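Proteins get letters first, then strands, A, B, ... in listed order; numbering begins at 1 in each. In this text the structure is predicted, and so the values were computed from the model without any measurement.
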Protein chains: 2
Amino acid sequence: MPDSLCLANGERVLADLNALRAIGAYNTGVHKPTFSEPHKQSLDWLAQKLPDAGLTATIDGIGNVFGSSSKPAPKLLAGSHLESQNYAGWLDGPLGVVYALEAARVLNPDPSFRGAVEVAAWCDEEGHFGHFLGSRSYLGQVTEADIDAARDRTSGRTMRDALADVGLARRPRVTVEPGRHVGYLEAHIEQGDTLESGHLAIGVVTSIVGVWQYQINFVGEQNHAGTTRMAARKDAGLAVAKFCVAIDQRFPAACGPRTVWTTGRITLDPGAPSIIPGAAEMLLQIRDEDAGIIARLEQLLRTMADDVNAKGPCTVTIEKLRTGAPAMMNPGFQDAIEAASKAFAGGRSLRMPSGAGHDAQMLATVMPAGMLFVPSIGGISHHWTENTADDDIVTGAQVFVDACRRILGG
Amino acid sequence: MPDSLCLANGERVLADLNALRAIGAYNTGVHKPTFSEPHKQSLDWLAQKLPDAGLTATIDGIGNVFGSSSKPAPKLLAGSHLESQNYAGWLDGPLGVVYALEAARVLNPDPSFRGAVEVAAWCDEEGHFGHFLGSRSYLGQVTEADIDAARDRTSGRTMRDALADVGLARRPRVTVEPGRHVGYLEAHIEQGDTLESGHLAIGVVTSIVGVWQYQINFVGEQNHAGTTRMAARKDAGLAVAKFCVAIDQRFPAACGPRTVWTTGRITLDPGAPSIIPGAAEMLLQIRDEDAGIIARLEQLLRTMADDVNAKGPCTVTIEKLRTGAPAMMNPGFQDAIEAASKAFAGGRSLRMPSGAGHDAQMLATVMPAGMLFVPSIGGISHHWTENTADDDIVTGAQVFVDACRRILGG
């Protein structure tokens, strides 16, 4: 097919992204939690746009939006999500949805092109009510009881009430149709500064890292902060602080080149100024694309805990909350993105793992999947100042459309 | 006066303490928060007992109970408190009130004895609604606006509602009458294990330590726990952990023999498993009877903060929340307690500071004050398992009565 038919319309892409930003705007970002009024308006906006790409729109019973093609041809599923974290960025999610819409608008109408791009906006990737609820529902992994139990992590509102409020109660849910798609492609902002600092335009995602999570519980002895001498104390708060520092000192020698670990929460019990903490806990998260490295770090962690228990005065136990297998991206899809980068981005691409989770990791369990990243200015993520240069957005759109064409064999 | 008239009635003291334990009992302790129904019943119990000691009872508008003598003689004020921490011990407070009642019962009726013991039960020493509200009200330091603003720290109930519920609304408040008392004496359980481990019967309190409190605030950069490389992080959570460990390493070389310090609370912001903390705070409390030592530790703390700010990657500021001057106990009162210990406890006494706060520190600002401690089994405090051996309770009562006699010059 002639190249001219494969050109993304950069102005249309920017106009669409800005239209989505205007719904639920917060400073230069958006506040669009799952099933908020601006989120529902964004779903409706997409549903109204899909016919322009020759697609029939459906919003299903968990808030997923699908654009389905009746073209008797190989189909590629593409998309991302439309809700945001609270008071967060305008591109995290919408970029991938608008790229998918653009690819469908460019490729689907051509009668000489044998493929079709179908569009998906997965609901609640950001986890207001759960863990990848939209894409997991599509894979058949979310039961009605799961929905009964789900609540908004901020407001506590039940998911049933939220679905009813946006008019989605009692709608059927769409699930995967085996064999329908040749695969799934998703674009996203990088959420880090690797591309920007390397003056690159496109990240070719090799894998989505696994996330392992541990709750580490310390037990000491609660006592009066005025009458208990220092030598007699079993201070669980001091024990948790020492453990954090020990992780910082010992993990670098055992980790891989891109391993990251984070203590996101520390809680002292009872948490009063005049009481020596009798218990404490920390949440530790480790991410890597290599499960072998994680296994090594987990072993180190357990050795460190044994040391604490042997030396005292506090005891510690480690509870594994989450084991996240890394998701490998399809090598053929990686090649297609790289070839598209050579054609439209001067080859300024880098193969790299994704440190953040994405719906593509769920889809990768049932079909070939791929992801491409565009640069994030300053690497800022989950904050309303998150941004990407317009030129990078337009280049990314063109590479995405061309990668879809290549994957569909056009 | 003959010694026989100065003997405490040990069985009566134990019976009274057990009667107070039965009001609001919780396992072997009590649950008697300020202005709870069991607390009000305990105030009424005391008011009914005071006439046995020749005292006129008053419950004032902040819940203080006073027993006043009409004897034209030097008067010693004695007492403690009747409310408890939540689900806490039976002796923390009531011991000192019953000792004061017993001293008044033994000494006041004797027409040949020129002194009188007056009894006070200070309301809310345990701080459910504020900070030493009862004794501070007696000193004229609590305004009506303070009472308007006060709320129960557990339930959030306003103090006005609580006062009305127990029938104390719109009562006048009793304030200190300069020159009326030769001083104030209070008995309390030790809340530590110094006496028990030294096989001692009486602690002669030299001072009530000062409490200094600091909020230490760390600022880093909030970011995504998956996409932000370790080298690029400004993790405020790690900074707070390192600071706690540094305090543990550096304070021992600069502190005094009985200095204690406690980090009772650590908060990471936003406190989510997948977000690098952008801010963190810790509450640090330091106690000592020597303000010079505190000044040295505070200087060390500020030097350590300067180091953090110079090295990065996070910044730290120190906010002083509370400056607590130590309260010195009257040397003559200490001598009287020690002499009484020689007479009735085989001299098994120790001069020691109080690491915990008591109403005596407030009274010490306007009159000579003294305190005596009895042993705590296992040093347990603020827990329903708190206890003291009956023999130690009885010995303490006798020493207290004799110390009152000596202070009043009998």
Side-chain angles (χ1 to χ4, degrees), chain A residues 190-194 209 211 213 222-230 232-233 235 237-238 240-245 247-248 251-252 255 258-268 270-277 280 282-285 287 321-322 354-357 376 379-383, chain B residues 190-194 209 211 213 222-230 232-233 235 237-238 240-245 247-248 251-252 255 258-268 270-277 280 282-285 287 321-322 354-357 376 379-383:
Chain A
E190 183 200 340
Q191 304 177 269
D193 65 356
T194 302
V209 302
V211 178
Q213 203 155 296
Q222 180 177 326
N223 225 322
H224 193 293
T227 57
T228 314
R229 294 174 185 231
M230 298 309 292
R233 294 181 174 212
D235 182 337
L238 180 59
V240 76
K242 285 182 173 176
F243 205 76
C244 286
V245 172
I247 288 171
D248 178 60
F251 267 36
C255 71
R258 292 189 69 105
T259 318
V260 290
W261 60 92
T262 307
T263 299
R265 189 158 69 216
I266 292 175
T267 313
L268 309 192
S274 293
I275 304 180
I276 300 163
M282 58 181 276
L283 273 185
L284 176 70
Q285 189 184 82
R287 301 189 187 211
L321 297 182
R322 183 170 163 190
S354 169
S376 296
I380 293 170
S381 173
H382 290 179
H383 191 274
Chain B
E190 182 200 340
Q191 303 178 270
D193 64 356
T194 301
V209 302
V211 178
Q213 204 156 295
Q222 181 176 326
N223 225 321
H224 193 294
T227 58
T228 314
R229 292 174 187 230
M230 298 310 291
R233 295 181 175 211
D235 182 336
L238 181 58
V240 77
K242 285 182 173 175
F243 206 76
C244 286
V245 172
I247 288 171
D248 179 60
F251 267 36
C255 71
R258 292 189 69 106
T259 319
V260 291
W261 60 91
T262 307
T263 298
R265 189 158 68 215
I266 292 175
T267 313
L268 308 192
S274 292
I275 304 180
I276 299 163
M282 58 182 275
L283 273 186
L284 176 69
Q285 191 184 82
R287 301 190 188 211
L321 298 182
R322 182 171 163 190
S354 169
S376 297
I380 294 169
S381 174
H382 290 179
H383 192 274

Discussion item. Let's test your reading of the structure: which of A:Ala232, A:Gly357, A:Gly271, A:Ala280 forms the most heavy-atom pairs below 4.5 Å with chain B?
Written reply: A:Gly271
Discussion item. Is B:Ile275 in contact with chain A via its backbone, its side chain, both, or neither, using a 4.5 Å heavy-atom distance?
Written reply: backbone
Fill in: Approximate separation, where rounding is to 0.5 Å, of B:Asp235 CG and A:Cys244 SG
8.5 Å
Worksheet item: Among A:Val245, A:Val260, A:Thr259, which residue forms the greatest number of heavy-atom pairs with chain B at distances under 4.5 Å?
Response: A:Val260
Discussion item. Taking side chain as everything from C-beta outward and backbone as N, CA, C, O, which of these in B:Arg229 sits under 4.5 Å from a heavy atom of chain A? Side chain, backbone, both or neither.
Written reply: both
Response to the item:
Okay, B:Ala272 and chain A: the region with an atom under 4.5 Å from a heavy atom over there is backbone
Worksheet item: Any idea which of B:Ser274, B:Ser354, B:Gly192 has the most non-hydrogen atom pairs under 4.5 angstrom with chain A?
Response: B:Ser274
Discussion item. Under a 4.5 Å cutoff for heavy-atom pairs, which residue among B:Val240, B:Val209, B:Thr263, B:Ile266 has the most contacts with chain A?
Written reply: B:Ile266
Worksheet entry | Max heavy-atom pair count under 4.5 Å with chain B, selected residue of A:Arg233, A:Lys242, A:Gln222, A:Arg258 | A:Arg233
Worksheet, complete the sentence: Most heavy-atom pairs under 4.5 Å with chain A, out of B:Asp193, B:Asp248, B:Thr228, B:Asn223, belong to B:Asp248
Fill in: Results of side-chain contact (heavy atoms from CB on, under 4.5 Å) for B:Leu283 - residues two or more places apart only
A:Pro273, B:Gln215, B:Arg265, B:Leu321
Item to complete: Could you grab the distance from atom CD1 of A:Ile380 to atom OG1 of B:Thr227, nearest 0.5 Å is fine?
Response: 11.5 Å
Response to the item:
Under 4.5 Å to a heavy atom of chain B? For A:Glu190 that would be backbone
Discussion item. Quick check for you: to the nearest 0.5 Å, what is the distance between B:Gln285 atom CD and A:Ile276 atom CD1?
Written reply: 10.0 Å
Worksheet item: For B:Gln191, is it the side chain, the backbone, both or neither that has a heavy atom under 4.5 Å from a heavy atom of chain A?
Response: both
Fill in: Reported CD1-to-CG distance for the pair A:Ile247 and B:Leu238, which is rounded to 0.5 angstrom
9.5 Å
Worksheet entry | Residue among B:Ser376, B:Gly237, B:Ala225 with most heavy-atom pairs under 4.5 Å to chain A | B:Ala225
Discussion item. Just verifying a value: how many Å separate A:Thr267 OG1 and B:Leu268 CG, rounded to the nearest 0.5 Å?
Written reply: 8.0 Å
Worksheet item: Heavy-atom distance under 4.5 Å to chain A: side chain of B:Thr194, backbone, both or neither?
Response: side chain
Item to complete: Kindly write out the residues that satisfy ring pair (Phe, Tyr, Trp, His ring centres under 6.0 Å) with A:His224, not counting sequence neighbours, or none if the list is empty.
Response: B:His382
Item to complete: Go through the atoms of A:Ser381 and report whether side chain, backbone, both or neither lie under 4.5 Å from a heavy atom of chain B.
Response: both
